Participant: 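Submitted below is the structure of interest, expressed as structure tokens.
Nothing here was measured: the structure is a model prediction, and the numbers come from that model. Only this structure's heavy atoms are used, side chains among them; waters, hydrogens and symmetry mates stay out. Counting from 1, the numbers follow the sequence of the chain as shown.
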Amino acid sequence: MVAEKSSKKLFSVTLRVWRQAGPAAPGKFVDYAATNVNPDMSFLEMLDVVNDGLTIKGEEPIAFAHDCREGICGTCSCTINGKPHGPGQGIATCQVYMRSFREGDVIVVEPFRARAFPLQKDLITDRSAFDKIQQAGGFISVRTGAAPDANSIPVPKDDADLAMDAAACIGCGACVAACKNASAMLFVAAKVSHLGLMPQGQPERDRRVLAMVQTMDEAGFGNCTNQYECSAVCPKNITHDFIARLNRDYVAALFRSKLKPVSNTTGGAG
């Protein structure tokens with residue numbers, strides 16, 4: 001039986017990739033030819049093919065991060081033609097398909113640029129600063145038992161919907177890469193809001209927002225300038241309205257923390 005030929009028209013592009021051996025090494029753009037590209041390839045599949053060719057020639061393959069390749073984990077984050085995650089809206093790098101490009105295109109690929117995301121190698125950056133922010137307050141202490149117990153707590157539908165929207169954040173860092181100040185406000189706003197909107201998140205509500213904002217500042221992220229590049233590139237279309245909610249929660253928590261009564265009890269026997 002003769003194999004049927006693909007009806008897809010293959011094409012060729014030039015990749016202009018940022019290469020850097022390590023954090024202290026100098027970096028530069030290097031051009032690579034990607035030939036016989038199937039338009040139905042994902043961007044990462046195309047990088048795999050290019051890397052196979054480099055390996056065969058005994059050259060160092062392009063280092064890039066990836067995991068689920070389903071737009072869930074955010075690991076694949078890189079900048080394509082100046083835009084975090086590349087062309088399209090509401091998709092991660094792994095969901096970009098080569099049909100977004102044309103024959104002869106020069107595609108510039110580089111890592112996310114932010115002081116809080118130090119470069120490790122080529123297209124890979126260290127985004128553990130997000131983990132530190134999450135660890136500072138992204139948890140609850142309330143025991144809700146099994147899922148039926150948690151689901152039995154009444155929650156207004158508007159709050160539940162907003163919480164689900166915020167919880168969609170995958171922590172990819174595109175918001176930081178797009179912001180001229182490398183602000184993490186959209187990420188922090190999503191993490192603060194999705195717990196703050198739920199009854200289970202109320203005990204730590206004030207502590208959470210104060211701790212996460214403080215950790216964000218200590219990590220070296222910049223200030224928000226309300227230009228909303230963050231929400232424009234978010235692969236989960238998380239709205240910048242959550243930043244306004246974060247600001248309100250932060251001011252209220254700061255105010256309440258100043259009004260907490262201080263006990264005069266010295267302890268011991270009277």
Participant: Mind checking the CZ-CG spacing from R115 to N181? Nearest 0.5 Å is all I need.
Facilitator: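 With rounding to 0.5 Å, CZ (R115) is 11.0 Å from CG (N181).
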Participant: Check whether the side chains of S128 and D126 place a donor and an acceptor atom closer than 3.5 Å, and report yes or no.
Facilitator: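 Short answer, yes.
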Participant: Is there a continuous path of hydrophobic side-chain contacts, each under 4.5 Å between heavy atoms, that joins L44 to I72?
Facilitator: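 Different clusters: L44 never reaches I72 through Ile, Leu, Val, Met, Phe, Trp or Tyr contacts under 4.5 Å.
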Participant: Using a strict cut-off of less than 4.0 Å between a Lys/Arg side-chain nitrogen and an Asp/Glu carboxylate oxygen, indicate whether E60 and K121 qualify as a salt bridge.
Facilitator: yes
Participant: Would the distance check show the side chain of N36 and the main-chain N or O of L10 forming a donor-acceptor pair, the cut-off being under 3.5 Å?
Facilitator: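 Not confirmed, N36 side chain does not pair with L10 backbone.
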Participant: Do L195 and V188 belong to the same hydrophobic cluster, where Ile, Leu, Val, Met, Phe, Trp and Tyr are linked whenever their side-chain heavy atoms lie under 4.5 Å apart, directly or via other members?
Facilitator: no
Participant: Identify the heavy atoms of F130 and G171 that sit nearest to each other, and give their distance.
Facilitator: CD2-O, 3.5 Å
Participant: Within the 3.5 Å criterion, strictly below it, is a donor on T93 or H85 matched to an acceptor on the partner's side chain?
Facilitator: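 Looking only at side-chain atoms, H85 and T93 do form a donor-acceptor pair, the distance falling under 3.5 Å.
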Participant: Is there a continuous path of hydrophobic side-chain contacts, each under 4.5 Å between heavy atoms, that joins V37 to V109?
Facilitator: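 Per the 4.5 Å side-chain linkage, V37 and V109 are co-clustered.
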Participant: Step by step, would you call R245 with L162 a side chain to side chain contact (heavy atoms under 4.5 Å, CB included)?
Facilitator: CA-CA 11 Å; R245 180 178 290 275; L162 279 174; 3.5 Å; yes
Participant: With a 4.5 Å heavy-atom cut-off, do M98 and F11 have their side chains touching?
Facilitator: yes
Participant: Report the residues that fulfil side chain to side chain donor-acceptor pair (under 3.5 Å) with Q134, sequence neighbours left out, ordered by chain and then residue number.
Facilitator: none
Participant: Identify the heavy atoms of D40 and E45 that sit nearest to each other, and give their distance.
Facilitator: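 Smallest heavy-atom distance, with atoms named: O-OE1, 4.2 Å.
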Participant: Is the backbone of V96 close enough, under 3.5 Å, to the side chain of R99 for a donor and an acceptor to pair up by distance?
Facilitator: no
Participant: Measure from the side-chain N and O atoms of R69 to the backbone N and O of S42, and report whether any donor-acceptor pair falls under 3.5 Å.
Facilitator: no
Participant: Carefully, step by step, assess V30 and I62 under the rule side chain to side chain contact (heavy atoms under 4.5 Å, CB included).
Facilitator: CA-CA 10 Å; V30 179; I62 301 163; over 6 Å; no
Participant: For atom CG of N237, is the number of surrounding heavy atoms from other residues, nucleotides or ligands below 6.0 Å larger than 12?
Facilitator: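 Yes - once you tally the heavy atoms of other residues, nucleotides and ligands closer than 6.0 Å, there are more than 12.
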Participant: Inspect the contact between K157 and D161 and indicate whether a charged nitrogen and a carboxylate oxygen are less than 4.0 angstrom apart.
Facilitator: yes
Participant: Hey, quick one: are L47 and Y32 part of the same hydrophobic cluster, counting side-chain heavy atoms closer than 4.5 Å, chains of contacts allowed?
Facilitator: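 Per the 4.5 Å side-chain linkage, L47 and Y32 are co-clustered.
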Participant: Any donor-acceptor pair under 3.5 Å linking the side chain of Q202 with the backbone of G196?
Facilitator: yes
Participant: Decide yes or no for H66 and C94: does some side-chain heavy atom of the first lie under 4.5 Å from some side-chain heavy atom of the second?
Facilitator: no
Participant: For T215 and A136, which heavy atoms make the closest approach, and how far apart are they?
Facilitator: OG1-CB, 3.2 Å
Participant: With distance as the sole test, does K83 use its side chain to make a donor-acceptor pair with the main-chain N or O of G88 at under 3.5 Å?
Facilitator: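 Yes: the side chain of K83 pairs with the backbone of G88.
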Participant: Run the side chain to side chain contact (heavy atoms under 4.5 Å, CB included) check on N81 and F101 step by step: do they pass?
Facilitator: CA-CA 11 Å; N81 286 342; F101 307 98; 4.0 Å; yes
Participant: Do any N or O atoms from the side chain of D122 and from the backbone of A63 form a donor-acceptor pair under 3.5 angstrom?
Facilitator: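 Flag set: sc D122 to bb A63 pair under 3.5 Å.
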Participant: I need the C172 SG to R127 CZ distance, nearest 0.5 Å.
Facilitator: 7.0 Å
Participant: Taking side chain as C-beta onward, heavy atoms only, is Y250 less than 4.5 Å from L210?
Facilitator: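 Touching, per the 4.5 Å side-chain cut-off.
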Participant: Check step by step if side chain to side chain contact (heavy atoms under 4.5 Å, CB included) holds for H194 and M198.
Facilitator: CA-CA 7 Å; H194 96 259; M198 294 285 97; over 6 Å; no
Participant: Applying the 4.5 Å side-chain criterion to the ILVMFWY set and letting contacts propagate, would V13 and V106 be lumped into a single cluster?
Facilitator: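 Each belongs to a different hydrophobic cluster.
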Participant: Is the closest side-chain heavy-atom distance between I91 and P235 below 4.5 Å?
Facilitator: no
Participant: Can you see which heavy atom on A92 is nearest to which on G71, and at what distance?
Facilitator: CB-CA, 4.2 Å
Participant: Given F112, which of L119, T79, V176 fulfils the side-chain contact (heavy atoms from CB on, under 4.5 Å) condition?
Facilitator: T79
Participant: Taking the side chain as C-beta and beyond, is there a heavy-atom pair between M46 and L15 under 4.5 Å?
Facilitator: yes
Participant: Any side-chain to backbone donor/acceptor pair from K9 onto P39? Under 3.5 Å, distance only.
Facilitator: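 Such a contact is absent between K9 side chain and P39 backbone.
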Participant: If every non-hydrogen atom of A114 is compared with every non-hydrogen atom of A182, which pair is closest and at what distance?
Facilitator: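 Looking at all heavy atoms of both residues, the closest pair is CB-CB, 3.9 Å.
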Participant: Please tell me whether F221 and F117 form a close aromatic pair, meaning their ring centres lie under 6.0 Å apart.
Facilitator: yes
Participant: Between the main-chain N or O of V192 and the side-chain N or O of R208, is there a donor-acceptor pair closer than 3.5 Å?
Facilitator: no
Participant: Can you name the closest pair of heavy atoms from M185 and N247 and give their distance?
Facilitator: CE-OD1, 3.4 Å
Participant: Quick one: pull up NZ in K191 and CE in M212 and give me the separation to the nearest 0.5 Å.
Facilitator: 7.5 Å
Participant: Rounded to the nearest 0.5 Å, how far does SG of C169 lie from CD1 of I238?
Facilitator: 4.5 Å
Participant: Can you measure from CD (E110) to CG (L123) and round to the nearest 0.5 angstrom?
Facilitator: 9.0 Å
Participant: Under 3.5 Å, side chain of E204 to main-chain N/O of S141, donor-acceptor pair present?
Facilitator: yes
Participant: Could you tell me whether the side chain of D159 and the main chain of P156 form a donor-acceptor pair under 3.5 Å?
Facilitator: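 The answer is no, because no donor-acceptor pair under 3.5 Å joins these two groups.
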Participant: Would a 4.5 Å heavy-atom cut-off, applied to side chains only, mark E103 and S12 as touching?
Facilitator: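 In contact.
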Participant: Please report the interatomic distance SG(C179) to CD(Q227), rounded to the nearest 0.5 Å.
Facilitator: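 Those atoms lie 7.5 Å apart.
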Participant: Decide yes or no for P203 and V142: does some side-chain heavy atom of the first lie under 4.5 Å from some side-chain heavy atom of the second?
Facilitator: yes
Participant: Please verify the inter-ring angle class for Y228 with H240; under 30° counts as parallel, over 60° as perpendicular, anything in between as tilted.
Facilitator: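 Geometry flag for H240 against Y228: parallel rings.
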Participant: Does the side chain of I243 reach to within under 4.5 Å of the side chain of C230, using non-hydrogen atoms?
Facilitator: yes
